[in-house]
Amino acid sequence: GNSVTQMEGPVTLSEEAFLTINCTYTATGYPSLFWYVQYPGEGLQLLLKATKADDKGSNKGFEATYRKETTSFHLEKGSVQVSDSAVYFCALSERGTNAGKSTFGDGTTLTVKP
Amino acid sequence: DTGVSQDPRHKITKRGQNVTFRCDPISEHNRLYWYRQTLGQGPEFLTYFQNEAQLEKSRLLSDRFSAERPKGSFSTLEIQRTEQGDSAMYLCASSPTGTSGGVDTQYFGPGTRLTVL
C-alpha cells in the first residue's frame, strides 16, 4: 500500500530562519505529491503540488521538488514568518481510476517565534 | 465559488446515539471524499464518490458507517451506535474532473468535530 512519512515535530524556529520539513513516500504507482497546511482552527489548505518527477511546486515562498529517485518531497522556505506557524501535511494522491484518493503523513507542527 | 462546506462544525453525542454529517462540495466538482482525522494524525481515507456512485470504502469504515450522495451533489455520512473511538474530525473534500484542475487536486471543508461521551 501507499504511505507517507514526515519528519517528526514539533519544529520551532526564529523568524527569518530557513525551514526544511522532510517527507518521503512509498507508492505502488506514480503518484502526485502535495503539501497541505492547517492553521489553528481551520481546515486543510493546499499549499503546493507536483505531478511528475523533477517538478517543483511553489507557493507563498514555500517550495518542494518531486524526487522520484529518492521518493522524497521535502518542503523548504528560505525565511519563515510568525504567520507560517501551522501544521504541515505531506500527501500523495493516486492516479488513474482512484485519482484523488490521498494518503497523508502525520503532520509536522511548525512554530515560528518573533 | 463558496468552497466546500460541512455541517455541523461540532457535534457532541452520547455513546450509542446515531449522528449524521453533511458535506456540500464545490458545485462543479464530481468527486467527493470523506476522511477522518484524529489528534496528532494525518487524515485517513474513508470513502469517495464519483457523482452519486460510491467507488471505494476503506476497511476503516465499519458497518456502523454509511455514506450517501444521492443526487451527486451533497453527501451525508452517518455513524450508527457511536463509540468513544469514533471521536475525531471528519473531513470532506471535493475535486474536479477533466483537464482544467486535475482530478487529483482536492479542496477540503472545515471539518466536523465529533465528540462521543
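So that the names make sense, note that chain A is the first sequence line, chain B the second, and so on, each numbered from 1. Everything numeric in this text was worked out from a predicted model, so none of it was measured.
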Residue [X] excluded, over 12 heavy atoms near [atom1] under 6.0 Å:
X        : atom1 : value
B:Glu68  : CD    : no
A:Glu16  : CD    : no
B:Arg15  : CZ    : no
B:Leu117 : CG    : yes
A:Glu8   : CD    : no

Shared hydrophobic cluster for A:Val87 and A:Leu33 (ILVMFWY, side-chain gaps under 4.5 Å):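 Looking at the clustering, A:Leu33 is in a separate group from A:Val87.
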
Within one Ile-Leu-Val-Met-Phe-Trp-Tyr cluster: B:Leu61 and B:Val116, side-chain cutoff 4.5 Å: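 B:Leu61 and B:Val116: one cluster.
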
Validation row: A:Phe104, B:Phe45 side chains within 4.5 angstrom (heavy atoms):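 They are not in contact (no side-chain heavy atoms under 4.5 Å apart), so the answer is no.
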
Minimum side-chain heavy-atom gap B:Pro43-A:Phe89 below 4.5 Å: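 Side chain of B:Pro43 against side chain of A:Phe89, heavy atoms only: contact under 4.5 Å found.
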
Any side-chain donor near an acceptor of the partner, A:Ser93 and B:Gln106, under 3.5 Å: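 Checked: A:Ser93/B:Gln106 side chains show no N/O donor-acceptor pair below 3.5 Å.
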
Which portion of B:Gln37 sits near chain A, non-hydrogen atoms under 4.5 angstrom: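 Side chain only.
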
Side chain B:Tyr107, main chain A:Leu46, donor-acceptor under 3.5 Å: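 Not a single qualifying donor-acceptor pair exists.
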
Proximity breakdown for A:Leu44 and chain B, heavy-atom pairs closer than 4.5 Å: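 A:Leu44 touches chain B through backbone and side-chain heavy atoms alike.
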
Contact class of A:Gln45 relative to chain B, heavy atoms under 4.5 angstrom: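 No part of A:Gln45 comes within 4.5 Å of chain B.
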
Evaluation steps, side chain to side chain contact (heavy atoms under 4.5 Å, CB included), between B:Tyr33 and A:Ser102: CA-CA 9 Å; B:Tyr33 311 81; A:Ser102 295; over 6 Å; no

Interatomic distance, B:Leu46 atom CG to A:Lys101 atom NZ [nearest 0.5 angstrom]: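 One gets 11.0 Å once the value is rounded to the nearest 0.5 Å.
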
